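These notes are about the structure you will find just below.
Predicted model only: the values in this text are computed from it and were never measured. In what follows, every heavy atom counts, from backbone to side chain, and hydrogens, waters and symmetry copies are set aside. Note on naming: letters A, B, ... go to the chains in the order of the sequence lines (proteins, then strands), and numbering restarts at 1 for each one.
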2 protein chains.
Amino acid sequence: MNSIQILEQSGLSKTEVRKKVLALFIESQSALSLSDIESAFSKIDRITLYRTLKTFETKGIIHKAVDGTNHPKYAMCEASCSEHKHHDNHAHFHCLSCGKTVCFEQVANPSIPEVLNGYTVEETTLILSGTCKDCLEE
Amino acid sequence: MNSIQILEQSGLSKTEVRKKVLALFIESQSALSLSDIESAFSKIDRITLYRTLKTFETKGIIHKAVDGTNHPKYAMCEASCSEHKHHDNHAHFHCLSCGKTVCFEQVANPSIPEVLNGYTVEETTLILSGTCKDCLEE
DNA sequence: CACAAAATGCAATATCATTGCAAAAAAGGA
DNA sequence: TCCTTTTTTGCAATGATATTGCATTTTGTG
């Protein structure tokens with residue numbers, strides 16, 4: 001599915017910024033931070049970007065990839081995600097050498113009892129960190 | 001062990017800031033962010049705090065508790081941690097209601113193959129999020 | 001093509017993070 | 001205990017990051 005189809009399916013207007021950002025996500029192999037996106041385009045407004053990402057996340061187009069750095073990154077959702085319902089229950093790998101973060105769809109988050117020590121667990125996040133394939137080859 | 005004993009054992013000088021901050025960590029049930037510590041004391045310099053936390057982390061006194069927020073938190077290490085060698089291989093629980101983060105020492109991080117898809121995994125981080133005991137009781 | 005609704009970009013503001021440097025405090029020896 | 005050396009602290013300055021309100025521009029619809 002291309003960026004225009006995705007926007008249509010989510011009922012979003014097809015603006016320049018959205019098409020550009022979404023196209024970048026589709027072709028990108030790794031999760032993108034705000035500054036990654038910012039530097040991919042010569043002039044794009046930071047504030048618009050924040051709002052664009054928030055909209056995409058709400059609509060189930062992209063999901064946050066927590067990687068242990070203090071900067072949120074985002075990656076394309078799996079097909080089953082929709083508005084307010086994400087199913088991105090997989091680990092994320094963070095390379096300590098180049099800083100890139102990628103989705104590991106084949107590594108599911110561990111299943112944890114719903115109640116633990118009197119705490120209710122609603123969500124689990126699994127981060128793997130180490131050295132990525134590209135960095136190892138060098 | 002009290003704060004002075006810990007400082008002595010790590011070979012750190014016993015300054016006011018270090019004693020105060022360390023005492024706060026010892027009595028605290030949850031992981032502390034920089035601003036948590038800042039607001040616990042009326043006047044304490046932010047920059048000194050950054051350096052104090054870094055020193056403590058290097059010496060194996062406290063460890064970073066990644067909780068999916070964009071603000072690092074810290075908690076006391078287990079006894080076996082020492083300079084440059086941490087063994088805090090446990091999950092952290094993050095309450096989505098009050099924002100607090102606590103160590104779940106009894107939930108170990110999952111063991112992952114050392115090599116996966118051509119990536120070498122050096123470390124795993126597990127975050128559980130939901131509602132904590134205190135918030136549930138209200 | 002024109003109008004209403006939505007999205008964008010700018011101004012302003014607040015928080016967070018880091019470095020260099022001078023003053024203050026702690027450690028060690030006499 | 002006092003003095004000297006070393007370490008730590010706190011201030012100044014700077015830069016990155018994040019968020020809101022509002023006027024302008026763009027998009028969708030008849």
Side-chain angles (χ1 to χ4, degrees), chain A residues 2-25 31-59 61-62 64-74 83 94 99 101, chain B residues 2-25 31-59 61-62 64-74 83 94 99 101:
Chain A
N2 64 30
S3 48
I4 293 182
Q5 292 173 313
I6 293 173
L7 289 173
E8 275 174 356
Q9 189 174 303
S10 302
L12 294 174
S13 51
K14 285 155 264 176
T15 69
E16 279 311 306
V17 172
R18 287 179 181 166
K19 283 187 279 186
K20 274 161 63 177
V21 173
L22 198 41
L24 185 65
F25 271 111
L32 301 171
S33 69
L34 197 104
S35 38
D36 288 336
I37 305 172
E38 226 182 351
S39 50
F41 305 109
S42 53
K43 59 164 186 174
I44 191 160
D45 188 64
R46 210 184 179 76
I47 293 94
T48 304
L49 254 185
Y50 280 113
R51 288 187 280 224
T52 302
L53 293 176
K54 190 165 214 164
T55 303
F56 285 177
E57 194 186 7
T58 306
K59 290 290 182 178
I61 300 173
I62 60 174
K64 204 176 273 193
V66 174
D67 69 356
T69 67
N70 300 326
H71 302 293
K73 294 184 182 170
Y74 296 89
E83 184 156 9
H94 178 233
T101 299
Chain B
N2 64 29
S3 48
I4 293 181
Q5 291 173 312
I6 293 173
L7 289 173
E8 275 175 356
Q9 189 174 304
S10 302
L12 293 174
S13 50
K14 285 155 262 174
T15 70
E16 279 311 306
V17 173
R18 287 179 181 166
K19 282 187 279 186
K20 273 162 64 177
V21 173
L22 198 42
L24 185 66
F25 271 110
L32 301 171
S33 69
L34 196 104
S35 38
D36 289 335
I37 304 171
E38 226 181 350
S39 49
F41 305 108
S42 53
K43 59 165 186 169
I44 190 162
D45 187 65
R46 208 183 181 75
I47 293 93
T48 304
L49 255 185
Y50 280 114
R51 290 187 278 224
T52 303
L53 293 177
K54 190 165 214 167
T55 303
F56 284 178
E57 195 187 6
T58 306
K59 290 291 184 179
I61 299 173
I62 60 174
K64 202 175 274 192
V66 173
D67 69 356
T69 67
N70 300 326
H71 301 293
K73 294 183 181 171
Y74 295 88
E83 185 157 9
H94 177 233
T101 299

Position toward the 5' end of DNA chain D (nearest nucleotide), B/T55 or B/N70:
B/T55

Are the side chain of A/R18 and the backbone of A/S13 linked by a donor-acceptor contact shorter than 3.5 Å?
yes

Distance check needed: C/dA7 C1' versus A/I47 CD1, whole Å only.
13 Å

Please check the phosphate of C/dG9 (OP1 and OP2 only) for any side-chain N or O of A/R46 closer than 4.0 Å.
no

Rounding to an integer number of Å, can you tell me how far B/I4 CD1 sits from C/dA27 P?
10 Å

Checking contacts here: which listed nucleotide (C/dT8, D/dG28, D/dC11) is nearest the side-chain heavy atoms of A/K14?
D/dG28

Rounded to whole Å, NZ of B/K54 lies from P of D/dT9 at a distance of 15 Å

Calculate the interatomic distance between B/D45 atom CG and C/dA25 atom P; express it in whole Å.
14 Å

Test side chain to side chain contact (heavy atoms under 4.5 Å, CB included) on A/I6 and A/F56; report intermediate values, then the result.
CA-CA 10 Å; A/I6 293 173; A/F56 285 177; over 6 Å; no

Please determine if a side-chain N or O atom of A/T48 lies less than 4.0 Å away from the OP1 or OP2 oxygen of C/dG9.
yes

Rounded to the Å, how far apart are B/R51 CZ and C/dC16 C1'?
16 Å

Side-chain (B/S35) to main-chain (B/E38) donor-acceptor, under 3.5 angstrom
no

Output the rounded distance in Å from CZ (B/R18) to P (D/dG10).
12 Å

To the nearest angstrom, the CZ-P distance between A/F41 and C/dG9 comes to 12 Å

With a 4.0 Å limit, can you tell me whether B/Y50 has a side-chain N or O closer than that to the phosphate oxygens OP1/OP2 of C/dA17?
yes

Length of the NE2-P vector between B/H71 and C/dA17, whole Å
7 Å

Using a cut-off of strictly less than 4.0 Å, decide whether B/T15 has a side-chain nitrogen or oxygen near OP1 or OP2 of D/dT9.
yes

Can you name the closest pair of heavy atoms from B/T101 and B/K73 and give their distance?
OG1-NZ, 3.3 Å

Sidechain-backbone polar pair: A/S10 side chain, A/L7 backbone, donor-acceptor under 3.5 Å
no

